[in-house]
Amino acid sequence: MNPKSYIDSHKQRMLDELFELLRIPSISADPAYNDAVAQCADHIATHMKDLGIQNVNIYPTKGHPIVYGEFLVDANLPTVLVYGHYDVQPADPIELWDNDPFDPVIKTTEIHPDGAIFARGACDDKGQMFMHLKAFEILQAEGGVPCNVKFMIEGEEEVGSSNLGPFLKEHKEMLACDTILISDTGMIANDTPSITTGLRGLSYVEVEVTGPNRDLHSGLYGGAVANPINILTQMVASLHNEKGEITVEGFYDGVEIVSTEERALMAKAPFSQEAFKKSIGISDVWGEEGYSTPERTSIRPTLDVNGIWGGYIGEGAKTVIPSKAYAKISMRLVPGQDPDAITEKFTQHFLNIAPSSVSVKVTPHHGGLPYVTHSSDPAYQSASAAYETTFGKPALPVRSGGSIPIVALFEQILGAKSILMGFGLDSDAIHSPNEHYGVFNYFKGIETIPHFYHNYTKQMK
């Protein structure tokens, strides 16, 4: 099997096919794009059929559809379930993009001298999901698929995958597998491959602070009536203490304490504090005392305001005390924390710290459990060996600061662990303007994934 030779012969076509997919604005969060999301599902299903994947179906849900297909070789061979998502984040703010977010272009950058694909979804997750279809194509062309492969590509990951759980339960037998293969994470650098062994969980809430029953004249009422924006900002500021610790009562109960040995192993991964600061334009870092920057973004829980608004924000001046103020808050969780319990603790805390001059409402949104796998897992060993074949070195185990709530859900419902073979980089600006994905990374993923299948089949025999 020689994936690299096959890629070299089909490189432009593989790029063109990805560009077709990226041109579809499959924004799951905005109902205005529902037709585009459905079009994207159709596009993927058609491509899967063209590759010879069998039993391809588009399954409707209460939200956006799930695309499923399979290639069953032998019931005695292991089964790999490939998961990915075809929906993307909104492209806003559009004016900060250097190109149309749904008209992909390749541009060279300092990190990607071979070029990077700039488009919404290039890395998260269309580019990485599509690698698996191209890897399957290579397996077919280079000696055959060595084990059973199933594909489940959903359209609601960016809005919390609320319909995936019911789908898993309803189709548990169809989705039965030995491991789940996912590329929706990243690696340390193009010369330092890594496998994500841990993900943080998530609790996401929206808070609403209400003062007077209408907006008031700030001259006639100012100084006598609590301003909901002032109160909200004070409450938010109190959610961290001077050590960067979260002050929600019981927030750290049960949090996994990572051993000194594991922290030392994590510290072997290359990291430059100066390069980190420069890459995002900050003069200094901030966070919980006693932990390094990589540890703060992986093994420790966080609480962040994702948006805050209220009052008048139009042109010119309007002197009002607003009736309401709002904020959206996300909490990233680590092993030992349950998202439902954390949501309840936050709600009680926020209600308790509110002064009597305002009323407070907390509305939970989506959440997810944290996840950890281990380097002894056969899928991990198979993936690491695949990276060693194509990169010339084994992958380092790392824990990610991000959340993929469905990974823990897979283990709960399907009873299978996931292997997270991500090929993106932290600098790829996912969820931001000018999202991009290295051409090198795209093709390196396509080259590496076929080796995983062969390694895993041998491991499981």
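Along the sequence shown, residues carry numbers from 1.
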Any non-hydrogen side-chain atom of Thr448 less than 4.5 Å from a side-chain atom of Thr389?
no
Under 3.5 Å, is there a donor-acceptor pair between the side chain of Trp309 and the main chain of Ala327?
no
Please check: side-chain N/O of Asp338 versus main-chain N/O of Asp340, any donor-acceptor pairing under 3.5 Å?
yes
With heavy-atom distances below 4.5 Å as the criterion, would you say the side chains of Tyr442 and Met14 are in contact?
yes
Is the Tyr83-Phe410 ring centre distance short of 6.0 angstrom?
yes
Closest approach of Pro301 and Phe251, non-hydrogen atoms and distance?
CB-CE2, 3.6 Å
Glu435 side chain to Asp124 backbone, donor-acceptor under 3.5 Å
yes
Aromatic ring proximity Phe130/His47, centre distance under 6.0 Å:
yes
Whether the side chain of Asn148 engages the backbone of Leu77 through a donor-acceptor N/O pair (distance < 3.5 Å, no angle test) should be reported.
yes
Do other residues, nucleotides or ligands put more than 12 heavy atoms under 6.0 Å from the OH atom of Tyr33?
no
In terms of heavy-atom contacts, does NZ of Lys107 have more than 12 from other residues, nucleotides or ligands at under 6.0 Å?
yes
So Asn441 and Gln128, do their side chains get closer than 4.5 Å, heavy atoms only?
no
Is the distance between the ring centroids of Phe151 and Phe71 under 6.0 Å?
no
Do Leu239 and His349 have side chains that get closer than 4.5 Å, going by heavy atoms?
yes
Expected output: side-chain Thr179 to main-chain Val80 donor-acceptor under 3.5 Å:
no
Which of these, Met129, His64, His85, Gln89, sits in a side chain to side chain contact (heavy atoms under 4.5 Å, CB included) with Glu157?
His85
Kindly state whether the ring of Phe452 and the ring of Tyr380 have centres lying under 6.0 angstrom apart.
no
When you check the gap from the basic side-chain N to the acidic O, do Arg300 and Glu295 get nearer than 4.0 Å?
no
Donor-acceptor pair, side chain of Arg399 and main chain of Thr197, under 3.5 angstrom:
no
Please check if the number of heavy atoms outside Lys361 that lie under 6.0 Å from its NZ is greater than 12.
no
Test item: side-chain donor near acceptor, Gln39 and Asp35, under 3.5 Å:
no
NZ (Lys11) with more than 12 external heavy atoms under 6.0 Å:
yes
Starting at NE2 of His431, measure out to SG of Cys123 and round the result to the nearest 0.5 Å.
9.5 Å
Minimal heavy-atom distance between Pro25 and Phe102, with the atoms involved, is CA-CE2, 3.4 Å
Go through the steps to decide whether Thr373 and Ile419 satisfy the test side chain to side chain contact (heavy atoms under 4.5 Å, CB included), and finish with yes or no.
CA-CA 8 Å; Thr373 192; Ile419 183 70; 5.6 Å; no
Do Thr79 and Glu70 have side-chain heavy atoms sitting under 4.5 Å apart?
no
With a 4.5 Å cut-off on side-chain heavy atoms, are Glu137 and Tyr6 touching?
yes
With a cut-off of under 6.0 Å to the ring centre and 45° to the axis, is Lys150 in cation-pi contact with Tyr68?
no
Do the non-hydrogen side-chain atoms of Phe167 and Glu154 ever get within less than 4.5 Å of each other?
no
Close side-chain approach of Met187 to Val398, heavy-atom, < 4.5 Å
no
Salt bridge flag under 4.0 Å for residues Lys126 and Glu158
no
Lys328 to Tyr204 six-membered ring, cation-pi geometry met (6.0 Å, 45°)
no
Can you name the nearest heavy-atom pair linking Leu81 to Leu414, along with the distance?
CD2-CD1, 3.9 Å
Near-ring test His171/Tyr59, centroid separation under 6.0 angstrom
yes
Measuring from atom NE2 of His132 to atom OG of Ser183, what distance do you get when rounded to the nearest 0.5 angstrom?
3.0 Å
For Asp426, I'd like to know if atom CG has over 12 heavy atoms of other residues, nucleotides or ligands within 6.0 Å.
no
The test is side chain to side chain contact (heavy atoms under 4.5 Å, CB included); show your working for Lys417 and Ile180 and say whether it passes.
CA-CA 6 Å; Lys417 300 290 282 187; Ile180 298 145; over 6 Å; no
Sub-6.0 Å ring centroid separation between Phe276 and Phe271
yes
Heavy-atom nearest pair, Leu420 first then Ile195, reads O-CG2, 3.6 Å
Any salt bridge between Lys324 and Glu208, counting N to O under 4.0 Å?
yes
Worked check of side chain to side chain donor-acceptor pair (under 3.5 Å) between Ser330 and Asn306:
CA-CA 7 Å; Ser330 65; Asn306 304 129; 3.0 Å; yes
When you look at CD of Glu173, are more than 12 heavy atoms from neighbouring residues, nucleotides or ligands closer to it than 6.0 Å?
no
For Ile282, does the CD1 atom have more than 12 heavy-atom neighbours from other residues, nucleotides or ligands under 6.0 Å away?
yes
